[in-house]
Amino acid sequence: MSWRIATRHISTYRYSSPVSASYNEARMTPVASHRQAVLESHVSVRPVAPALRYVDYWSTTVHAFDIHEPHDDLVVTASSVVETTPAEPLDRDVTWAALGDPAVRDRYVELLEPTAYAPLEPELAELSRAVAAHEAPADAVDALCAWIRSAMRYEPGTTQVSTSALEAWRQGGGVCQDFAHVALVLLRNLGIPARYTSGYLHPMADAPVGETVNGASHAWVEVFLGAWQPVDPTNGDPVGERHVTVARGRDYADVSPLHGLYHGGTLESLEVTVELTRLA
Amino acid sequence: MPKHALGTHGPVEDLFEGYATGPWWDEMLEAPSAPRKVSLGLHETLRALSATDLEERCAERDRSFRDRGITFSLSGEERPFPLDPVPRLVSAAEWEVIETGVAQRVRALEMFLSDVYGRGEIFADRIVPRRLVATSRHFHRAAAGVEPPNGVRIHVSGIDLVRDASGEFRVLEDNLRIPSGVSYVVENRRTMARVFPELFVSHRVRPVADYASHLLAALQAASPRGARGDPTVVVLTPGVHNAAYFEHSFLARQMGVELVEGRDLVCRHNTLYMRTTSGEERVDVVYRRIDDDFLDPLHFRPDSLLGCAGLLNAARAGNVTIANAVGNGVADDKLAYTYVPDLVGYYLGERPILPNVPTYRLEEPEQLEHVLERIGELVLKPVDASGGYGLFIGPQASDEETAAISVAIRASPRSWVAQEVVLLSTVPTKVGSHLEPRHVDLRPFAINDGERVWVLPGGLTRVALPRGSLVVNSSQGGGSKDTWVLAGDEHTSAAREGDDAERTAAAALAEIPAYGSGPDLGPATGGAEQQQQQQQQGPGPPCSAG
């Protein structure tokens, strides 16, 4: 059955001295799809600033805003209510030949090419072929995700937002962002179009209705197997009711939740909280 | 009236003595001493000149440039702009082909850009591979969804042409980003009027001095508020150290608009303002002479201090027009060039009026092998470069260079195209004390105001100065010629009087005061510009930018 989830994502930036001007883009609005209905969404900013709302190349809703009054704190709050649906099994029928069709490869060329976060690396390319000697692309997806979990430890704090797949893989661990980037390298190398997906994960499989819990931003990937289908290389769970999808792109750089520039002060601290409430 | 009388004592020697014609097309002579019809008068005038006369004309030319302070920056060094005293003539009939062909090409490229940053129908229809665009470093996804108010993305273009041995004009390269050189077209003409005043009496040369008024009208027409709202246009320059700064200030002055740098601009809530001594003034159209990468640090290089943060979103919000549009480079690299004839057919249902030079895409394995076999006969060009940098000319290359380029194109076939050598046409050019044939190309400038594509009747004729050289780029030390498009019957009186009349009008345009730098966001704060990112696993160090 589907879930209804309320999300509240609060980012608080504190500066050591006042910031005089700040230009930002927030990508924090869940995306509507056949798997996810967006019932409400709202992004607010303090100090108050009018936002330009637009949909970017990757179909992500962006709130662009700039602030010109001196401020010591910047608080961005993104709230939404979405309806999520149960996980669907991967399409086991799609063949390598279908994925190798020149029309498919051209259609998704930018989701097959290496990126800065998910670069081409001979060693990883070799590994992806060794691990995924399977009959069907869907089995290869499962095998690669399982292999990532066996080869990399989940270790918050060991990597940074700027860490590439290669760096994370070499140090043998990282967080969901790193797992997702490594998955992109392996999948794309086999010729499976793959995209980075950001959002939120409700931590409880049997979450009680009405209870607000602290969740987290999360990242996983979507693979093209005749249609786009999500997989979660970090925990191996099916991507279903607990996953709220916000943005997709070639890698983290396309979906960064808040991207901006400012003049003046220095960032002293950043506090991020994600509150998730299952409503139904 | 002419200061120089025609040689009264008769020519001491013939400037054309020893002038060689060859298998190429000479713009003036069909055969030695046999001028083409278009050049009869010019040839006769030149024949009557002695070497001393020609030197005097050149001295006048140099004075004219020096008086106006016009120089050209070559590898960081300022030099007098090299203008050859012999003009290049284009007949009315020849010009009509160029004019309609350039306009056709610009119309097709406009539709391509609109498609690329919109629905992508040409990819769905399999005319052009998506890969062409998706792997181009000039494809700016941030520009997707930015709709130009009057539909124009290519406000100004420079379509480089060459003329082959059969006399046919072919397109060598499209320049849809910030083509430069038009200031030299106008200044060369002003100089030539002093050097050969009598030729302007005997020839009906179409004027070029009204370029800036066409440009201003097109920029105003592109304003989000429309041309009638008296839109504010500015010219955005990277600054005085840019090689084309002269042109930026020239165009701003000629249009009577402000010349600004990034620090003079500020975006506030998706509206662009310039700082003036009397406060902030809203800007409607930015004629920017800054590359995309430096235009808006929010979307492109975060360390750029040349542009203005928020500019792209101001355009997206429909509050300002950026001319030329962001992301045009996806349509003018040398790989996209190979598809332009297909674009003309697909979007316009027409046949190209101006053909391409035969060009091979090296990503296609058969073409790569074919090119490697014939590499000594071909020209190889880096897809991304312009200005003649990185050019490999097979017939002139050493064995080592040939071996090196073969390795390079195998390693990165996306980065190169191969072209048949075109034996460029020649024009008599002063070399020492006489005239010799030198190879030339032609860059006409087109302005799209949304109603029509207007092509300046003239253009920059660039000259490869070393004997036999086919490399004409001024960034590679080439020279230039004034290009005279002769009026046909329909242009009689306007052309005859227009040039002087409009030159006077241009000179009368008010000089604008130099613009002071803004009070804030200067080095003290601008240098501290920093990038902030939301982070999932605790804050990392902010990337410093500046």
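Every heavy atom of this structure was used, including side-chain atoms; hydrogens, water molecules and symmetry mates were not.
- With respect to chain B, the highest number of heavy-atom pairs below 4.5 Å among A:Glu110, A:His68, A:Glu271 belongs to A:His68.
- Taking non-hydrogen atoms and a 4.5 Å limit, the residue list of residues 311-324 of chain B in contact with chain A, ordered by number, reads B:Asn313, B:Arg316, B:Ala317.
- The distance from the NE2 atom of B:His299 to the OH atom of A:Tyr23 is 13.0 Å, given to the nearest 0.5 Å.
- If you measure heavy-atom distances from A:Ala216 to chain B, you find no contacts under 4.5 Å at all.
- Looking at A:Asp66, both its backbone and its side chain come within 4.5 Å of chain B, counting heavy atoms on both sides.
- Among all heavy-atom pairs drawn from B:Leu298 and A:Gly260, the shortest one is CD1-CA, 3.8 Å.
- Looking at A:Arg105, neither its backbone nor its side chain comes within 4.5 Å of chain B, counting heavy atoms on both sides.
- Interface residues of residues 123-142 of chain B toward chain A, defined by a heavy-atom distance below 4.5 Å and sorted by number: B:Arg126, B:Pro129, B:Arg130, B:Arg131, B:Ala134, B:Thr135, B:Phe139, B:Arg141.
- Contacts between A:Arg250 and chain B at a heavy-atom distance below 4.5 Å involve the side chain alone, from C-beta outward.
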